[in-house]
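Please read the structure below before turning to the comments.
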Amino acid sequence: MNTKTLLAIGMTSAMMLTNTACQQSSHENPLLAESSLPFGAPDFSKIQTSDYLPAFEAAIQQTRDNIQAIVDCQDSATFENTILPFEDSSRLLTRVSTVFFALTEADKSDELSEIEKKVQPMLTDLQNEIAFNKPLFERIKQVYDKQHDTLTGEDQKLLEEIYKDFVRKGALLSDEKMARMKEINLRISDLQQQWGDLLQAATNDAVVWVDKQEDLAGLSEADIAQCAKDAESRGGKAPYAIVIMNTTQQAPLASLDNRELRKRVYEASIHRADGTNAKYNTFAIVSEMAKLRAEKAELMGYPCYAAYSLDDTMAKTPDNVNNFLKNLVKAYKAKADAETKAIEEFAQKTEGADFKLEPYDRFYYSAKMKKALLDISEDEVKPYFNVDSVLMNGVFYAANRVYGLTFKERTDIPTYHPDMRVFEVIDKDGQSLALFYGDYYRRASKRGGAWMDGFQEQSRRWNQKPIIFNVCNNAKAPEGQPSLLTWDEVTTMFHEFGHALHGMLSNCEYKSLAGTNVARDFVEMPSQFNESFASIPEVFDHYARHYETGEPMPAELKERMLKSINFQSAYALGENLAASSLDMAWHMLAAKDVPAPDKCKDFETQALQQYGILDAQIPPRYMTSYFNHVWGGGYAAGYYSYLWTEVLAVNVADTFAKMGALKPETGQAFRDKILSRGNTGDLMQMFTDFTGMAQPDASAILRARGL
């Protein structure tokens, strides 16, 4: 999932524009007026690209006015006259930002990109103004000193989070250090904008053009048709195109018979942004951003950015994260080596004793080995994974069984793209709970990956219900053909909907504490846990139906398919461990030790060696040069959280299994103790309250992965 620059401020506003000019703009600009659609959903039928910049300008000014009103208050600072107005101070700006940044990630145009270049510095300036507003912080500190111990529940938690956020941003710094922090924040914002534009352009340019259909031998008819469609949509330089997705390995590598083409696809992926093509080299951005983050941490009194970043997470320290990663590396390494050896020996049976397995061969021969040993292939099971059935009869069905939710499609609510679908979410008591949007198909205007976000977060204070969306990058079949998914894509849909449930089932007073506004190494737990429903037999049988006949997957095929889930699972763990290790290595550097752009690749290799995870056969899920989570998103020194929260998720899934995975009582307990509570309490205590475990059982991740 994504965290926008402004939203890191962690606040919103209920105040309406007060001056005449702003009222006039509000009347004319749909972004500045309350939407008349259900739930206050954004009206994309009225919003024009030209509306965004004036909307940001007006909303930023409104936020400034609201902050100034808090500062100008002559009464002694209290929770009611300082903290609550602060919580409310940028509600309009949040509304504008959520709509705009949803489009810049999922349907970006050149015009939106140009607006983003203007808007990001404006937002960073505002963030700096607020974070380093001494009179404002003095009032907040007065409330913290006087009322913290007398407040209770969400009021106390809101005060704590706001006060800590100011301190972490540098409110206690000297004037000189504060000025430098402002400069760093502004430059990082600019670099992240550059990163996003450059990486998307590099990934789009890395498409592999194919002249002859016979070179695509091994791909299914549907996949070949998709390659033809992708070629047409990208300018038709050749009859077929293999589009590069955000991860290192690419799905077609499991099927392509042409070894030279496999090599081209793999190398296009790993070299997309490392300067192999001189137009696309992100290492200058990486180097500068790593140095600025390290300097930022040093200004705050931390030895490195990882120490600074982890201070308010469950893991707490770099040592804890590194010990966690290194223990997993030790447990996994022998399995990984044996897995590689087995694949190479299998390939040598047909290719000869001298055949040397290369990274671009691994998925291909692993798939053949799986077929030989388990008699299963992606092409055999994909006809049972129609995207519509996975959504309606799988993702939604599980949510109905466990939480009592029903989903009513709304065709009367406009969307930003024709592929998007909208559903009204109805709770088990018949009350409307939320709106859910699904945007599942890839396009050139969408960045890679999959994520959850929202146009509106839940808040009892604002009488505001959540409006949540999921975005994926599944291939859309040509008109009249079914869009079929791989098993990995199926679990991704369940994963992102786990985030959506965290947002939709929130029941908090304050938006800043609601839904997914939790520590980074907790936020992925509900999503990873929700993946477990994909393979529960009753859920699986409900959605895994042949797209032509509607018949469920035969029991014998289902047994083989489910047995294959953990086939050679060391790879998936290894690529995550490698990426997590890279992330930590970059963010444990002091500013003076950050390598120059031309040394970044060498540092990457050295870092993987030091963690004991350097393996040409199992490269990082994301190489440094296209590691968007870290350089473009909010996961700097935080990618480990996917593995950390997987431990939590497996523990939660075990608890569900004991209590009855599809029992409404189990779902209600999880909803009451975790999903509805956002960041209103201690996160470890929430975990303990549901599972009964004082500490997570880390060994569960190896067991769950069949290792």
Side-chain angles (χ1 to χ4, degrees), residues 2-3 5 8 168-170 180-181 184-185 187-192 194-196 199 273 282-326 328-329 519-524 575-597 599-614 620-645:
N2 264 357
T3 304
T5 301
R168 281 184 57 76
K169 285 184 167 70
R180 178 56 184 155
M181 185 69 86
I184 290 173
N185 289 342
R187 182 56 180 161
I188 288 176
S189 173
D190 180 47
L191 289 171
Q192 286 183 315
Q194 292 180 38
W195 167 274
L199 181 58
T282 60
F283 283 137
I285 297 174
V286 167
S287 180
E288 186 177 357
M289 201 183 302
K291 191 171 294 186
L292 289 170
R293 284 174 175 167
E295 184 184 353
K296 183 174 183 173
E298 289 162 11
L299 285 173
M300 292 298 298
Y302 292 87
C304 61
Y305 187 81
Y308 166 71
S309 178
L310 291 166
D311 193 42
D312 67 343
T313 65
M314 295 180 77
K316 297 300 183 186
T317 69
D319 282 347
N320 287 341
V321 173
N322 284 328
N323 288 336
F324 171 71
L325 295 176
K326 288 176 179 178
L328 285 177
V329 169
R520 200 173 41 207
D521 54 5
F522 189 82
V523 74
E524 294 294 336
E575 65 171 357
N576 273 344
L577 282 169
S580 300
S581 300
L582 270 185
D583 175 29
M584 290 300 295
W586 276 107
H587 292 103
M588 288 180 64
L589 293 171
K592 64 181 178 59
D593 297 326
V594 173
K599 300 297 183 184
C600 286
K601 193 66 183 171
D602 292 339
F603 174 79
E604 180 178 74
T605 301
Q606 292 162 9
L608 293 172
Q609 283 177 326
Q610 289 171 359
Y611 276 86
I613 197 78
L614 180 65
R621 185 168 175 83
Y622 308 99
M623 297 290 196
T624 298
S625 59
Y626 49 91
F627 204 161
N628 190 61
H629 285 76
V630 167
W631 308 114
Y635 279 76
Y639 194 73
Y640 77 92
S641 61
Y642 283 95
L643 292 172
W644 184 279
T645 52

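We use all heavy atoms of the structure for the numbers below, so side chains are in, but hydrogens, waters and symmetry mates are not.
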Check for a donor-acceptor pair, side chain of [X] on one end and backbone N or O of [Y] on the other, with a separation under 3.5 Å.
| X | Y | value |
| --- | --- | --- |
| R168 | Y308 | yes |
| S287 | P595 | yes |
| D521 | T313 | no |
| E298 | A591 | yes |
| D583 | A579 | no |

Rounded distance [0.5 Å steps], [atom1] in [X] versus [atom2] in [Y]:
| X | Y | atom1 | atom2 | answer |
| --- | --- | --- | --- | --- |
| I613 | L577 | CD1 | CG | 5.0 Å |
| L582 | M623 | CG | CE | 8.0 Å |
| N323 | L328 | CG | CG | 11.0 Å |
| Y640 | L310 | OH | CG | 5.0 Å |
| T282 | N628 | OG1 | CG | 10.0 Å |
| R187 | K291 | CZ | NZ | 12.5 Å |

Heavy-atom closest pair, residues [X] and [Y]:
| X | Y | value |
| --- | --- | --- |
| R180 | L292 | NH2-CD2, 3.7 Å |
| A306 | M588 | CB-CG, 3.9 Å |
| N320 | A315 | ND2-O, 2.8 Å |
| F283 | C600 | CD2-CB, 3.4 Å |
| A636 | V630 | CB-O, 4.0 Å |

Open item on the list: Suppose we screen for ring-ring contact (aromatic ring centres under 6.0 Å, His included). Which residues come up paired with F324, at least two apart in sequence or across chains?
Closed with: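 Residues passing ring-ring contact (aromatic ring centres under 6.0 Å, His included) with F324: W644.
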- Task: Start with the C-alpha distance between T645 and V523, add both sets of side-chain angles, then the distance that settles side-chain contact (heavy atoms from CB on, under 4.5 Å), and finish with yes or no.
- Result: CA-CA 8 Å; T645 52; V523 74; over 6 Å; no
Is the centre of the H587 ring less than 6.0 Å from the centre of the W631 ring?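 When the ring centroids of H587 and W631 are compared, they turn out to be within the sub-6.0 Å range.
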Discussion item. For Y642 and Y635, I'd like to know if the aromatic rings sit close, meaning centre-to-centre distance below 6.0 Å.
Written reply: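 That pair passes the under 6.0 Å test.
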Tell me yes or no: between the side chains of [X] and [Y], is some donor less than 3.5 Å from an acceptor?
| X | Y | result |
| --- | --- | --- |
| N322 | Y611 | yes |
| W586 | T624 | yes |
| R520 | S309 | yes |
| D311 | Y302 | yes |

State whether E604 and K601 are salt-bridged, where the test is any N-O pair (Lys NZ or Arg NE/NH1/NH2 against Asp/Glu carboxylate O) under 4.0 Å.
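Salt bridge: yes.
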Going by salt bridge (charged side-chain N to carboxylate O under 4.0 Å, His left out), name the pairs with one or both residues in residues 625-640, residues two or more places apart or in two chains.
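Non-adjacent pairs meeting salt bridge (charged side-chain N to carboxylate O under 4.0 Å, His left out): zero.
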